[in-house]
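In what follows, chains carry the letters A, B, and so on, assigned in the order in which the sequence lines appear, proteins first and then strands, with residues in each chain numbered from 1.
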Number of protein chains: 2
Amino acid sequence: MVARPASDGTVAKALDVLDLVASFGRPVRFSDVLEQSSFPKATLYRLLQTLVSQGMLAFDADRSCYTMGIRLVRLAHVAWAQSSLAPIARPHLDRLSAQVGETVHLAQLDHAQVLYVDKRNARMPIPMYSQAGKVGPAYCTGVGKAMLAYLPEGQLPAILAQQSWHRFTPKTLTSPDALQKELAAIRARGFALDDEEHEPGIICVALPVMTSGGAVLGALSVTSTTSHTDLDALCAYAPLIRDIARTIAQETETWRFPEEDAHSTRKRA
Amino acid sequence: MVARPASDGTVAKALDVLDLVASFGRPVRFSDVLEQSSFPKATLYRLLQTLVSQGMLAFDADRSCYTMGIRLVRLAHVAWAQSSLAPIARPHLDRLSAQVGETVHLAQLDHAQVLYVDKRNARMPIPMYSQAGKVGPAYCTGVGKAMLAYLPEGQLPAILAQQSWHRFTPKTLTSPDALQKELAAIRARGFALDDEEHEPGIICVALPVMTSGGAVLGALSVTSTTSHTDLDALCAYAPLIRDIARTIAQETETWRFPEEDAHSTRKRA
DNA sequence: TAGGTTAGTTCCATTATTTGAAACCTATTT
DNA sequence: AAATAGGTTTCAAATAATGGAACTAACCTA
């Protein structure tokens, strides 16, 4: 319902601009941004200036274009280090990656979408959409379906309502009903599969990372290509992934910020 | 000069709050933030609310505390991926780390300070201040001095004026004059050394990463402890570091965004 | 359990910032 | 020399932010 807070908050607008610039994934000139933005020229101009002077964006005078600022990079590290799963999961992702030699993903739900939080490439990297920091659809990816299948009662409808149901490939499930059946199958089977539903030739096995209380923290997947292996073979990894997911979940619950003393060191100069 | 833009921009204030929350490095309650902040209660409250509703912060209702938001995490990745040096340097850092077995840093200048952009731990990790995403002083760290020494004419005075000149150890250089001499020595020698100037027992060799045009992009360092080795031994790594720095710089110049097509895929749903 | 203390939230008249159409630059192009 | 594109500044009107104080909820404390 909070779709577009319309004329609310200057901060919101500035952040929208930040997102917009980020979405280009490359340095952009003023006019590039203007074209994509719904703000009037003068307003956009000032918002960009603010972001630059705040260090969230940087302006390269030589090429007269905007890039991500160094302050954002700094926040980036803090954010990543705290996005509970990522730092805890890191060594386990390494382990999983080493054992299976395939592409490995760690994802979390971001609104109704999948946010790839971390990734390890296969020994022989394969080109694909996913990338740490990118968001992808939930209804047609392994990690997405794994999380949806184990979501607490009642949360699912709202999320389904926000899916785009775009048919990426002939195998994409494009309706809530079809997906509901698939989710039931996932629960019965104990893990999720992506059978080229998002990208042709890309397949994966995925399992959710869940607390003992049943909360879905994220999901792990092992991804490969049809030219290299098949779903049956990937299924064999499910138990290993489950073990690792369980370990990560346990550590999340145990750990919960062991470094309560860290701020004594940090006094600002 | 732009020390504290005082009563300028709501965006600035919101971002200050964001930084503040980030600086705790852990989930914080409202009152924790209030204590550290100069904003009145109501104002801070609303700023936090804005940040939460914008997804830059997340509010954990159970523990009633604020953490980094998922939107920030997402921006974080984009920022990191674009902070030109980091992604390009990554494999080279790995290589350097593997070859020397010591702690390795990649840093960039953030205003007048050093921002550690990436890091590899030594085979036997040693406790020290630096950490990816942290900022440190420029005048008394290896990477900082390496960058200052090769800064283009005219930029140095402004930066020196912003140093704190705090005496961290007996060996810290605490005046612009002393540092200027040291920088000349660095240029003569071709690389920078940190002889326990920031932390007792911590020493390092550092070299700048520079474009062929002479612009300072960042710096690389190999760090160790006096109990484990000495400066003379570290100096031996200088040529290797120089090679790697040069490679990184070259790739930065060649590369410059090879993925100009990436946005065709990304169309918003 | 009344009485107090802390922590978080809302109100609202005042104040300050943001807004954006249009005018204005300043290189480039025709 | 005139026109265009890309960027920057102005200024009165519109809008959003401010913060003191009042309020609520939860948790102590005696």
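- With sequence neighbours excluded, the residues that form a salt bridge (charged side-chain N to carboxylate O under 4.0 Å, His left out) with B:Arg71 are A:Asp16, A:Asp19.
- Looking at residues two or more places apart in sequence or on another chain, you find a side chain to side chain contact (heavy atoms under 4.5 Å, CB included) between B:Gln163 and B:Ala112, B:Ala138, B:Tyr139, B:Ile159, B:Trp165.
- For B:Arg29, the salt bridge (charged side-chain N to carboxylate O under 4.0 Å, His left out) criterion is met by B:Asp32, not counting sequence neighbours.
- Every residue was checked against the side-chain hydrogen bond (donor to acceptor under 3.5 Å, both in side chains) condition with B:Gln162, not counting sequence neighbours, and none meets it.
- In the set D:dT18, C:dA7, D:dT8, the nucleotide with an atom closest to the side chain of B:Lys13 is D:dT18.
- Under the rule for a salt bridge (charged side-chain N to carboxylate O under 4.0 Å, His left out), A:Arg167 has no partner lying at least two apart in sequence or in another chain.
- Take B:Gln49 and apply the side-chain hydrogen bond (donor to acceptor under 3.5 Å, both in side chains) test, not counting sequence neighbours, and it matches B:Tyr45.
- Here A:Val78 pairs with A:Gln82, B:Ala22, B:Met68 under the side chain to side chain contact (heavy atoms under 4.5 Å, CB included) rule; sequence neighbours left out.
- Every residue meeting the ring-ring contact (aromatic ring centres under 6.0 Å, His included) condition with B:His166, not counting sequence neighbours, appears here in chain and number order: B:Phe168.
- In terms of heavy atoms, B:Leu106 sits closest to B:Ala89 at CD2-CB, 3.6 Å.
- Considering only side-chain N and O atoms, A:Ser31 lies nowhere under 4.0 angstrom from the phosphate OP1 or OP2 of D:dA5.
- In this structure, B:Thr10 reaches the C:dT18 phosphate: one of its side-chain N or O atoms is under 4.0 Å from OP1 or OP2.
- Of the residues in residues 36-51 of chain A, those with a non-hydrogen atom less than 4.0 angstrom from any atom of DNA chain D are A:Lys41, A:Ala42, A:Tyr45.
- Each end of the helix from C:dT1-D:dA30 to C:dT30-D:dA1 gets its own rotation axis from five pairs of C1' atoms, and the angle between them is 30° to the nearest 10 degrees.
- In this view, A:Ser221 and A:His105 satisfy the side-chain hydrogen bond (donor to acceptor under 3.5 Å, both in side chains) rule, not counting sequence neighbours.
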Which pairs, protein N/O on one side and nucleotides 27-30 of chain C N/O on the other, fall under 3.5 Å?
none

